[in-house]
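Heads up, the thing below is written out as C-alpha cells.
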Amino acid sequence: MVELAGIIILGIIAQWVAWRLKLPAILPLILIGLLVGPIATMFTEDGQKLIEPIWNGEKGLFPGEGLYYFVSLAISIILFEGGLTLKRSEIANVGPVITKLIIVGSVVTFFGAGVAAHYLFDLSWQISFLFSALIIVTGPTVITPILRNIPLKKDVSTVLKWEGILIDPIGALVAVLVFEFISVGEGSGYTQTALIEFGKIILFGSTFGFTFAHALAFAIKRNFIPHYLLNVVSLSAVLLVFVESDLFAHESGLLAVVVMGMVLGNMNLPNLKELLYFKESLSVLLISILFILLAANINISDLELLVNWNTVWLFLAVVFVIRPIGVFLSTQGSNLKLKERLFIGWVGPRGIVAAGIASLFGSKLLAKGEVGAEYITPLVFVIVLGTVLLNATTARLFARLVGVFLTKSEGILIIGASKVSRLIAKYLKKNKRHVVLIDSNQNNIEKAKASGLEAFVADIYSDTLTDNIELNDMGYLMAMTGNSDINKFAIEKFTSQFGENGSFRLVDSDEMNNPDNNPKEGLFSHTDDFIKLTETARKNSTIHEITIKDREHYEAMIELTKANNAIIPLFLKQPDGDLVIIPSFSKEFTEIEEGSQLVYLGEEFEFIEEQLDDTEETNLND
C-alpha cells in the first residue's frame with residue numbers, strides 16, 4: 001500500500017516540478033523511477049529496490065504478468081487520448097511538409113537506427129528494427145514543454161507540434177507490426193505467418209476501432225448515456241475495444257484505440273471537449289504512475305549493458321546524423337529556410353509511447369528467450385532520456401544560434417470571434433500579420449474558419465492557452481468580447497505571455513460614459529464600447545485607409561471620430577506597412593511619420609475632411 005501510494009504522490013510531485021521548471025514531465029518521472037528502482041539497490045542494506053514493480057517472492061506490486069497488463073491498458077488510454085486530438089482540418093492546413101516528415105522521416109529513422117543498432121551492438125536484424133521502430137516517435141507531451149517558451153515562427157512550431165501528434169500512433173503501429181513479425185516468425189525472419197498476422201492486425205484493429213467509435217457516438221448523440229456516466233462509459237469502451245481487438249488479433253488493440261480516438265475526434269459530438277479534458281487528466285495520472293514503474297523495473301544489470309562507447313555512438317548517430325538527414329530529405333523543396341530546417345532537425349525528443357511500448361515489448365521478448373531482447377528497454381530509455389535532456393537544455397540556445405528565435409513577437413491574439421472581431425482580423429491578415437482568434441462559442445469559431453482565419457475554441461479560464469505552442473509569436477493582445485469581465489480577466493492573465501508589446505481591451509459602458517475613467521489598456525477609442533463597435537460594423541462593415549499629413553492632422557481626425565458615431569479609428573498604418581494599434585489614449589503616439597495612414601471602420605472619411613477644413617478656416621478667422 002505504501003509503495004502504491006508513494007508512486008502516485010511522487011508522480012504528481014514530478015509533474016508539478018516539470019511544470020514549474022518548464023521541462024517535459026517524462027524527465028523527472030524517469031529519474032525518480034531510476035532512483036527508487038535500480039539506483040536504490042546500491043544503497044539499501046538488503047540490496048532491494050524501494051519500489052519493486054514485479055513480485056519477486058518477497059515484495060512487489062504486480063504478480064506474474066500483471067505489470068505488462070497494466071502497461072498495455074495504460075498505453076491504450078494514452079494513445080486513445082492522442083487520437084482524439086487529431087483533426088483532419090488542422091492536418092490539412094500544415095502543408096505537405098508534415099506528411100513527408102512523417103513518412104520519409106520515419107523510414108530514415110527506421111532503417112538508419114536499425115542498421116546502427118545492428119552493427120554497434122551485434123543485435124539480430126529483428127531486434128535492431130524493433131528498437132528503431134520504437135524511437136520513430138517524438139510526441140507532443142515532450143515537445144510542447146520545450147517549445148512553449150521559445151518564440152518561434154508559426155510554421156516551425158506547427159511542424160514540430162503536428163509531427164509529434166501524428167507520429168505517435170504511426171510509430172506505435174510500426175513497433176507493433178515488427179514485434180508481431182518477431183513473435184510469430186519464430187526466429188526465421190519475416191515468414192508468411194507473420195504477413196498473415198500483419199494483415200489481421202490491420203483488419204481487426206481498424207474494424208474494431210471504427211465500429212466502436214460510431215457505436216459510442218450513436219449512444220452519446222441519442223442520450224443513451226447519462227451525463228454523469230459519460231466519461232467512465234467512454235473509458236470502459238476504450239478498454240473493451242482494446243481487449244476485444246487483441247483477442248481476435250494479438251497486439252491489434254493499440255491500433256484499434258488509435259483509430260477509435262481519431263474517428264471520435266473528427267465527429268461533431270456535443271460533449272467531445274469534456275471527454276477530452278477527462279482523458280487528459282487520466283493520461284497525466286497514468287503517465288505519472290507508468291514511468292516511475294517502468295524506470296523502477298529496470299535492473300542494474302540492464303544499465304551495465306550500456307556502459308560502453310557503443311551506446312554513446314548510437315546516441316550520437318540518432319541525434320546528429322539520422323534525425324537531421326530525415327528532416328532535410330523531408331523538407332527538400334519546402335518554403336522552410338535552412339535555419340528553420342536546422343532547428344527542426346535539432347529538436348526530436350522521444351517520449352511516452354517509445355518508453356512505454358519498449359518496456360512492454362522488451363519484457364515479453366525477454367520472457368520468450370529472444371536473443372538480444374535485454375537491450376530493447378535500456379537502449380530506448382537512453383535515447384528517451386538523452387534526447388529530452390539535450391533538447392530541454394539547448395533548444396532555446398540553439399534557436400538563438402541559428403537565428404529562428406523571434407526577438408520581437410508581432411502576432412496578434414484576439415479574444416472573442418464576433419463579427420466585428422472577424423472583420424478586423426481579416427484586415428490584419430490581409431496586411432500580413434499573424435492573427436489568431438479564440439472564443440468559447442463554437443459557432444463564432446466555425447464562421448471565422450470559414451472566412452479563412454485561424455481560430456479555435458478555448459476557455460480563457462483554463463490553462464489550455466498557455467500550453468499552445470502555436471501562439472509563441474503572439475506579442476499583442478486584443479480583448480474584444482461583449483463581456484467586460486472576460487476582457488479585464490484576459491488582460492490580467494495573459495498580458496505577460498501574449499501581450500509583451502501591448503495589451504488592449506474594449507472599454508465598458510461605465511468607462512465610456514465617464515471621460516475621467518479612461519483605462520490605460522483601452523482599445524481604439526474611449527467613446528466606443530462593444531455595442532457601439534458592433535453597431536458601426538452592422539451599418540457599414542468596411543475598413544478604410546486615409547493618408548494623414550502630420551500629427552496635428554491625426555489628432556484633429558481622432559477628435560472628430562469621437563463626435564461621430566459612424567466612424568471608429570482602429571490602427572495607424574506606417575509608411576512601411578507596419579500597423580500600430582490605436583489605444584484609447586490615442587495622443588500617446590510620440591511621432592507620426594510622413595505618409596502614414598489612419599485605418600478606420602465605418603463611413604467614408606471625405607466629409608470629415610471638409611469639417612477639418614472648415615475648422616481650420618474658423619481658427620484662422622479667430
Side-chain angles (χ1 to χ4, degrees), residues 62 64-86 130 133-134 136-137 139 165-185 193-217 232-265 275 279 282-283 286-287 289-290 293-294 351-365 367-368 376-377 380:
F62 296 90
E65 295 187 346
L67 175 63
Y68 312 135
Y69 299 146
F70 172 76
V71 171
S72 298
L73 294 176
I75 291 177
S76 70
I77 295 171
I78 293 169
L79 287 181
F80 172 73
E81 189 264 328
L84 281 175
T85 65
L86 298 179
L130 178 59
L134 288 165
I136 284 176
V137 299
I165 292 176
L166 293 175
I167 212 166
D168 252 3
I170 291 174
L173 174 60
V174 173
V176 167
L177 297 179
V178 175
F179 174 78
E180 194 61 30
F181 277 130
I182 297 173
S183 298
V184 303
T193 306
L195 292 173
I196 293 173
E197 291 299 319
F198 171 89
K200 288 171 62 178
I201 289 174
I202 299 295
L203 174 63
F204 286 104
S206 302
T207 302
F208 271 87
F210 185 83
T211 304
F212 274 81
H214 282 277
L216 181 59
V232 291
V233 168
S234 301
L235 174 62
S236 301
V238 171
L239 298 179
L240 176 63
V241 168
F242 176 78
V243 172
E244 287 293 324
S245 181
D246 207 61
L247 289 175
F248 280 84
H250 195 47
E251 305 300 341
S252 65
L254 293 177
L255 175 60
V257 296
V258 171
V259 171
M260 182 180 179
M262 291 175 64
V263 173
L264 283 172
L275 179 63
K279 288 296 186 292
L282 186 59
S283 293
L286 289 175
I287 288 169
I289 297 172
L290 187 63
L293 283 174
L294 295 180
I352 300 297
V353 174
I357 300 181
S359 182
L360 178 65
F361 289 173
S363 300
K364 285 187 175 182
L365 293 176
K368 290 183 178 182
I376 290 294
T377 303
V380 171

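Since this is a predicted model, take the numbers as computed values, not measurements.
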**Report entry** Shortest non-hydrogen separation from Ser245 to Gly205 and the atoms involved
**Finding:** OG-CA, 3.7 Å

Report task. Fit a plane to each ring of Phe204 and Phe208, take the angle between them on a 0 to 90° scale, and name the class: parallel (under 30°), tilted (30 to 60°) or perpendicular (over 60°). Result -> tilted

Requested in this report: Taking all heavy atoms of Ile376 and all of Ala358, pick out the closest pair and write down the distance.
Outcome: CG2-O, 3.8 Å

Query raised in the report: Is Phe70 atom CZ crowded by more than 12 heavy atoms from other residues, nucleotides or ligands, each under 6.0 Å away?
Result: yes

Query raised in the report: How far apart are the closest heavy atoms of Ala175 and Leu134, and which atoms are they?
Result: CB-CD2, 3.7 Å

Query - OG on Ser234 to CD1 on Ile77, rounded to 0.5 Å - result: 11.5 Å

Query - Over all atoms of both residues, closest heavy-atom pair of Val243 and Leu73 - result: CG2-CD2, 4.4 Å

Requested in this report: Output all residues satisfying side-chain contact (heavy atoms from CB on, under 4.5 Å) with Thr207, sequence neighbours left out; order by chain, then residue number.
Outcome: Leu203, Thr211

Query - For Ala213, all residues meeting side-chain contact (heavy atoms from CB on, under 4.5 Å), sequence neighbours excluded - result: Met260, Val263, Leu264

Query raised in the report: Listed by chain and number, what are the side-chain contact (heavy atoms from CB on, under 4.5 Å) partners of Ala215, not counting sequence neighbours?
Result: none

Query raised in the report: Who are the ring-ring contact (aromatic ring centres under 6.0 Å, His included) partners of Phe210, not counting sequence neighbours?
Result: His214

Query - Summary of salt bridge (charged side-chain N to carboxylate O under 4.0 Å, His left out) pairs that have at least one residue in residues 232-244, sequence neighbours excluded - result: none

